[in-house]
2 protein chains.
Amino acid sequence: MKNTEVLEERITAQGCTEHLSAVEDAIYVIGGKWKLKIIIVLQENGNIRFNELQRNIPGISARVLSNELKDLELNGFVKRVVHAEQTPVVVEYISTDYSRTLQPVIMALSNWGKTHKRNIREDAF
Amino acid sequence: MKNTEVLEERITAQGCTEHLSAVEDAIYVIGGKWKLKIIIVLQENGNIRFNELQRNIPGISARVLSNELKDLELNGFVKRVVHAEQTPVVVEYISTDYSRTLQPVIMALSNWGKTHKRNIREDAF
DNA sequence: CAGGATCCTGAGCGATACTG
DNA sequence: CAGTATCGCTCAGGATCCTG
């Protein structure tokens with residue numbers, strides 16, 4: 001118990017830092033206001049087109065949606081499918097298998113968000 | 001908003017909106033660059049003082065830490081304890097029971113972040 | 001329809017200095 | 001030690017218009 005401060009820090013930070021950096025990495029990729037929402041909508045609807053996607057995510061602008069989709073595609077969460085045989089060209093977005101690895105995260109957040117809202121309404125702490 | 005929009009949203013978004021808004025609520029409270037990190041450090045160390053807390057969260061400034069702590073306290077995640085009997089005054093922060101309800105979220109994020117980093121290193125998609 | 005191009009604002013954040 | 005006060009910036013995100 002009477003170890004030096006240096007040792008204490010190293011010990012407590014060790015278990016911590018791991019968690020800390022892992023969560024940091026996760027937030028870096030799926031953080032932000034829209035990423036997870038887009039992924040959710042993409043997962044619940046199979047194929048979905050740009051404008052319908054936008055309609056399903058209240059408040060997002062075309063510009064932002066476009067940028068986020070590029071980002072998500074780069075990171076392997078979304079697949080962009082172009083049907084060139086039609087005119088005007090039809091573009092569809094689908095979620096990848098990899099995006100499905102996020103399901104535990106989404107569920108945890110969703111559950112927590114739900115009970116949190118309930119708590120807020122009851123207590124007004 | 002137009003009537004058509006409202007109706008469309010209600011139909012397509014039905015299953016989705018629930019998840020969507022719950023996740024949105026969660027992100028609203030614990031989103032941002034620092035909140036979860038602070039909560040993690042607070043949970044791993046029992047009582048912790050301001051400067052030590054800052055040292056445990058690489059990169060955070062005093063100003064930001066101070067603001068975030070106020071916010072977290074308002075939302076019931078952190079308890080601020082002042083030991084007035086000493087001079088200079090000692091202030092300690094501890095995580096609340098309520099902050100422990102976030103553990104599933106933290107674990108999910110941490111796990112995902114860990115495997116994601118591994119994937120990144122292997123594939124370079 | 002599926003975005004791109006521009007312009008713009010503001011929240012969030014960082015750095016530094018200062019105080020009881 | 002435990003913050004506050006200022007200042008200033010970056011950049012995610014908003015608004016609007018445009019196009020193949």
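Since the model is a prediction, treat every value here as computed from it, not as a measurement. Per chain, numbering begins at 1; letters A, B, ... match sequence-line order. Heavy-atom basis, side chains included; hydrogens, waters and symmetry copies ignored.
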[X] [atom1] - [N] [atom2] separation (whole Å):
X: A/Phe50; N: D/dT19; atom1: CZ; atom2: C1'; result: 14 Å
X: A/Leu53; N: C/dA2; atom1: CG; atom2: C1'; result: 12 Å
X: B/Trp34; N: C/dG14; atom1: CH2; atom2: C1'; result: 10 Å
X: B/Glu92; N: D/dG3; atom1: CD; atom2: C1'; result: 16 Å
X: B/Ile38; N: C/dG12; atom1: CD1; atom2: C1'; result: 13 Å
X: A/Glu68; N: D/dG13; atom1: CD; atom2: P; result: 6 Å
X: B/Lys35; N: C/dA11; atom1: NZ; atom2: C1'; result: 12 Å
X: A/Asn67; N: C/dA5; atom1: CG; atom2: C1'; result: 11 Å

Identify the two heavy atoms, one from [X] and one from [Y], that lie closest to each other, and give their separation to 0.1 Å.
X: B/Val78; Y: B/Glu73; answer: O-CG, 3.3 Å
X: B/Ala62; Y: B/Phe50; answer: O-CZ, 3.6 Å
X: A/Gln43; Y: A/Ile106; answer: OE1-CD1, 4.2 Å

Is there a donor-acceptor pair closer than 3.5 Å between any side-chain N or O of A/Asn111 and the backbone N or O of A/Met107?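 Flag set: sc A/Asn111 to bb A/Met107 pair under 3.5 Å.
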Nearest-neighbour nucleotide for the [X] side chain, [options] considered:
X: B/Arg55; options: D/dC1, D/dG3, C/dC13; value: D/dC1
X: A/Tyr93; options: C/dG4, D/dT4, C/dG3; value: C/dG3
X: B/Val91; options: C/dG14, D/dA2, C/dG3; value: D/dA2

Touch class at under 4.0 angstrom, heavy-atom based, for [X] against every strand present:
X: B/Arg49; answer: sugar-phosphate
X: A/Ser66; answer: sugar-phosphate
X: A/Lys70; answer: sugar-phosphate
X: A/Gln54; answer: nothing

Using only modelled atom types and a 3.5 angstrom limit, is any donor from either the side chain of A/Arg63 or the base of D/dG13 paired with an acceptor on the other?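 Indeed there is one.
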Can you label the angle between the A/Phe77 ring and the B/His116 ring as parallel, tilted or perpendicular, going by 30° and 60°?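 Parallel: the ring planes of A/Phe77 and B/His116 meet at under 30°.
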Quick one: on DNA chain C, does A/Asn51 or B/Pro88 contact a more 5' nucleotide (nearest heavy atom)?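 With A/Asn51 and B/Pro88 compared, the 5'-side residue is A/Asn51.
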